[in-house]
Colleague: 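Here's a structure for you.
Atoms considered below: every heavy atom in the structure, side chains included; atoms not considered: hydrogens, waters and symmetry mates. Atoms within a ligand are numbered from 1 in the order they appear, just like the ligands themselves.
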Amino acid sequence: MRIYKVGGAVRDRLLGKPVTDIDWVVVGATTEEMLAKGFRPVGADFPVFLHPKSGEEYALARTERKSGRGYGGFTFHASPEVTLEEDLIRRDLTINAMAEDDQQNLTDPYHGQRDLEARLLRHVSPAFAEDPLRVLRVARFAARYAALGFTVAPETLELMRQLSDSGELEALTPERSWKEISRALMEDQPQVFVEVLRACGALKVLMPEVDALFGVPQPPAHHPEIDTGAHTLGVLQQAATHKQPLTVRWACLLHDLGKGLTPEQEWPRHIAHEFKGLKLIKAVNERFKVPRDCQELALLVGEYHTHGHRALELKPSTLLELLQSFDIYRRPQRFEEFIAACEMDARGREGLEERSYPQADYLRGAATAARSVAVQPLLEKGFKGPELGEAIKRERLKALKAYKETAST
Ligand code: ATP
Ligand code: MG
């Protein structure tokens with residue numbers, strides 16, 4: 001049997017990037033031989049094994065043939081006769097279809113190295129169109145390597161467009177889509193992911209609610225960039241620049257969905273967009289079975305981001321309602337993430353990227369004031385049940401009034 005490094009490890013070494021996980025392909029072996037060498041089988045669908053010591057993935061060289069819709073619609077053929085070239089041709093991009101032996105001899109039948117130099121994300125063969133997930137993968141790689149100058153080859157973008165128009169994207173499972181979306185959002189240029197999806201018509205299929213924001217104007221006084229889609233991309237970019245976690249990035253992407261519902265005659269104003277957007281945020285959350293923490297933060301940021309921006313003007317009672325909605329007593333981190341998302345929203349505007357955001361510290365101070373109310377003295381006074389709740393609220397309100405007064409002097 002012959003063993004080669006493939007995929008990302010070869011690509012990233014040639015790019016001079018750190019290699020994190022290594023994928024291997026094994027040519028000329030049978031499942032029985034692999035098991036005899038102590039490899040552990042994984043995955044019911046493909047002949048993939050884990051190395052007994054390193055735990056890295058070793059896949060038998062295989063060919064694929066499309067036999068139906070979606071991911072399940074593939075038949076695989078693995079045997080000792082399948083060649084390295086045959087295995088490489090089923091891969092998505094030329095830069096991902098190179099292999100290397102233990103002497104670092106490159107096998108590159110589809111000119112991945114040439115495309116690396118040309119900074120092009122190009123499909124290997126027309127079979128690219130057989131797996132719609134590749135549309136998301138290419139957009140994700142575009143986001144990852146945008147800073148190096150990579151773009152999607154026009155003919156690959158055209159194939160992605162055909163795939164998006166064909167309805168095949170709808171056959172993707174929520175889990176597979178979310179895995180790509182979440183990884184793409186964590187790249188340095190996540191806005192490129194959204195741009196590429198939009199350029200090939202996939203955004204309209206996957207997240208029509210986000211697609212609808214492009215072409216919707218906002219008041220230039222607050223939004224020099226005017227376009228709501230451009231603003232959303234700017235917010236996402238800020239979130240990446242400021243190394244925000246996935247929860248915040250997801251909330252940034254969805255925070256203004258309500259603006260896509262504003263009747264044209266109301267443009268560029270968006271009255272009550274925060275509330276109107278909630279059902280859209282919920283729909284996108286459910287479509288991709290998004291993890292709970294991301295779902296929650298997106299809904300809260302959608303509903304309350306304008307409150308965040310107006311923090312210094314809020315009445316103490318409104319401020320208290322905001323803090324209560326976030327359950328800041330038990331969920332301090334979630335409130336921090338809300339503040340971060342608001343700040344990214346404020347900075348994701350053309351020319352305002354470096355502005356200060358005093359609302360952030362003001363909100364933190366308010367949360368500290370509300371949390372400082374001690375329950376014990378109220379218990380000692382004999383408050384119980386719902387009355388205790390009311391008494392705590394009254395004390396917190398007092399604390400917030402005092403906080404607002406000191407903060408404004
Ligand atoms: P990363 O750095 O994100 O791990 P990678 O290129 O190693 O990038 P993997 O998802 O680990 O990506 O996949 C390893 C290799 O398997 C890819 O480089 C590619 O050759 C191939 N591959 C993975 N998924 C697909 C797919 N859906 N269609 C075609 N080829 C794929
Ligand atoms: Mg990999």
Side-chain angles (χ1 to χ4, degrees), residues 4-27 42-43 45-51 54-66 69-76 78 82 84-100 106-113 115-116 121-148 150 156 159-160 163 168-169 171-173 175-190 192-193 202:
Y4 303 87
K5 241 182 226 178
V6 279
V10 181
R11 176 196 68 219
D12 288 338
R13 184 184 70 76
L14 292 172
L15 280 173
K17 289 234 154 197
V19 171
T20 42
D21 80 322
I22 304 180
D23 298 298
W24 304 87
V25 67
V26 184
V27 178
V42 280
D45 305 343
F46 329 102
V48 179
F49 304 84
L50 296 183
H51 191 277
S54 71
E56 286 167 350
E57 275 193 13
Y58 286 68
L60 293 188
R62 66 176 190 258
T63 60
E64 293 175 355
R65 202 161 41 80
K66 188 148 173 83
R69 253 176 95 86
Y71 191 47
F74 270 104
T75 28
F76 300 96
V82 174
L84 183 58
E85 285 74 9
E86 283 171 333
D87 179 276
L88 294 175
I89 202 170
R90 70 174 173 80
R91 292 169 186 270
D92 48 5
L93 296 171
T94 59
I95 63 166
N96 291 342
M98 297 181 276
E100 197 176 84
L106 203 63
T107 304
D108 180 18
Y110 310 109
H111 309 294
Q113 218 176 0
D115 287 337
L116 270 185
L121 303 171
R122 188 202 305 278
H123 64 283
V124 174
S125 87
F128 178 90
E130 292 181 356
D131 179 7
L133 190 76
R134 293 170 189 159
V135 172
L136 286 105
R137 281 179 59 90
V138 174
R140 172 164 69 78
F141 284 118
R144 184 189 296 179
Y145 297 121
L148 296 178
F150 276 84
T156 302
L159 264 184
M160 290 161 71
L163 258 168
E168 275 281 311
L169 286 176
L172 288 172
T173 62
E175 291 78 9
R176 283 188 96 206
S177 300
W178 175 252
K179 200 168 158 219
E180 291 301 323
I181 294 167
S182 55
R183 289 183 73 185
L185 290 177
M186 291 313 290
E187 297 292 350
D188 286 345
Q189 310 262 2
V192 173
F193 175 71

Colleague: Determine whether the side chains of Thr156 and His123 contain a donor N or O and an acceptor N or O closer than 3.5 Å.
Modeller: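 Yes - a donor-acceptor pair under 3.5 Å links their side chains.
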Colleague: Check Ala61 against Val27 and note the closest heavy-atom contact, atom names and distance.
Modeller: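 Heavy atoms of Ala61 and Val27 come nearest at CB-CG2, 4.0 Å.
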Colleague: Given that the side chain starts at C-beta and the backbone is N, CA, C, O, which of these parts of Arg11 lies under 4.0 Å from ligand 1, counting heavy atoms, or is it both or neither?
Modeller: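 Side chain only; the backbone of Arg11 stays clear of ligand 1.
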Colleague: Quick test of your reading of the model: are Asp23 and Arg91 salt-bridged, counting only N-O distances below 4.0 Å?
Modeller: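 The answer is no: the pair does not qualify as a salt bridge.
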Colleague: Using a 4.0 Å heavy-atom cut-off, say whether Asp23 meets ligand 1 through its side chain, its backbone, both or neither.
Modeller: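 Asp23 to ligand 1: side-chain contact only, backbone stays beyond 4.0 Å.
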Colleague: Counting only heavy atoms, which portion of Asp21 has something under 4.0 Å from ligand 1: side chain, backbone, both, or neither?
Modeller: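 Looking at Asp21 and ligand 1, just side chain atoms fall under 4.0 Å.
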Colleague: Which option wins on minimum heavy-atom distance to atom 13 (O) of ligand 1: Lys179, Lys17, Arg91, Arg137?
Modeller: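 Result: the heavy atom closest to atom 13 (O) of ligand 1 is in Arg137.
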Colleague: Short list, please: which atoms of ligand 1 are under 4.0 Å from a heavy atom of Gly7?
Modeller: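 Taking each heavy atom of Gly7 in turn, ligand 1 has 18 (O) under 4.0 Å.
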Colleague: Report the part of Glu130 (side chain from C-beta onward, or backbone N, CA, C, O) that has a heavy atom under 4.0 Å from ligand 1; answer both or neither where that applies.
Modeller: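 Neither part.
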Colleague: Where is the tightest heavy-atom contact between Tyr110 and Glu85, given as atom of each residue plus distance?
Modeller: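 Looking at all heavy atoms of both residues, the closest pair is OH-O, 2.9 Å.
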Colleague: What residues, two or more places apart in sequence or in another chain, satisfy side-chain hydrogen bond (donor to acceptor under 3.5 Å, both in side chains) together with Arg144?
Modeller: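 Per chain and number, Arg144 pairs via side-chain hydrogen bond (donor to acceptor under 3.5 Å, both in side chains) with Glu187.
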Colleague: List every atom of ligand 1 that sits less than 4.0 Å from any heavy atom of Arg144, numbering the atoms from 1 in the order shown and giving each element.
Modeller: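 Those atoms are 1 (P), 2 (O), 3 (O).
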Colleague: Give me the atom names and distance for the closest heavy-atom approach of Leu88 to Pro109.
Modeller: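 So the two residues come closest at CD1-CD, 3.8 Å.
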Colleague: Does ligand 1 come near enough to Gly8 that some N or O of the ligand is less than 3.5 Å from an N or O of the residue?
Modeller: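 Gly8 vs ligand 1: N/O contact under 3.5 Å present.
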Colleague: Minimum heavy-atom separation for Arg134 and Ala127, please, with both atom names.
Modeller: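 That closest heavy-atom pairing would be NH1-O, 2.9 Å.
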Colleague: Can you find a pair of side-chain heavy atoms, one from Val138 and one from Asp92, that are under 4.5 Å apart?
Modeller: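 Val138 vs Asp92: side chains apart.
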Colleague: Should the proximity of Phe141 to ligand 1, defined as any heavy atom under 4.0 Å, be assigned to the side chain, the backbone, both, or neither?
Modeller: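 The part of Phe141 near ligand 1 is the side chain, not the backbone.
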Colleague: Just going by heavy-atom distances, which of Arg134, Glu187, Arg140 is nearest to atom 26 (C) of ligand 1?
Modeller: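 Considering heavy atoms of Arg134, Glu187, Arg140, the nearest to atom 26 (C) of ligand 1 sits in Arg134.
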Colleague: Please work out, at 4.0 Å between heavy atoms, whether the side chain, the backbone, both, or neither of Asp131 comes within that distance of ligand 1.
Modeller: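 Looking at Asp131 and ligand 1, just side chain atoms fall under 4.0 Å.
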Colleague: What atom name does the N, O or S atom of Asp23 nearest to the Mg ion (ligand 2) carry?
Modeller: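 Result for Asp23 and the Mg ion (ligand 2): OD2.
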Colleague: In ligand 1, which numbered atoms sit nearer than 4.0 Å to a non-hydrogen atom of Arg90?
Modeller: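 Near Arg90, the atoms of ligand 1 are 29 (C).
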Colleague: So between Thr20, Leu88, Asp92, whose heavy atom ends up nearest atom 30 (N) of ligand 1?
Modeller: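 Answer by nearest heavy atom: Asp92.
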Colleague: Can you sort out which atoms of ligand 1 are near Arg183, meaning under 4.0 Å from one of its heavy atoms?
Modeller: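 The atoms of ligand 1 under 4.0 Å from a heavy atom of Arg183 are 1 (P), 3 (O), 4 (O).
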Colleague: Using side-chain contact (heavy atoms from CB on, under 4.5 Å) as the criterion, point out the one residue from Val19, Thr20, Leu15 that pairs with Lys17.
Modeller: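 Considering Val19, Thr20, Leu15, a side-chain contact (heavy atoms from CB on, under 4.5 Å) with Lys17 is found only for Leu15.
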Colleague: Given side chains that start at C-beta, do those of Lys5 and Trp24 come closer than 4.5 Å, heavy atoms only?
Modeller: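 Yes - at least one pair of side-chain heavy atoms lies under 4.5 Å apart.
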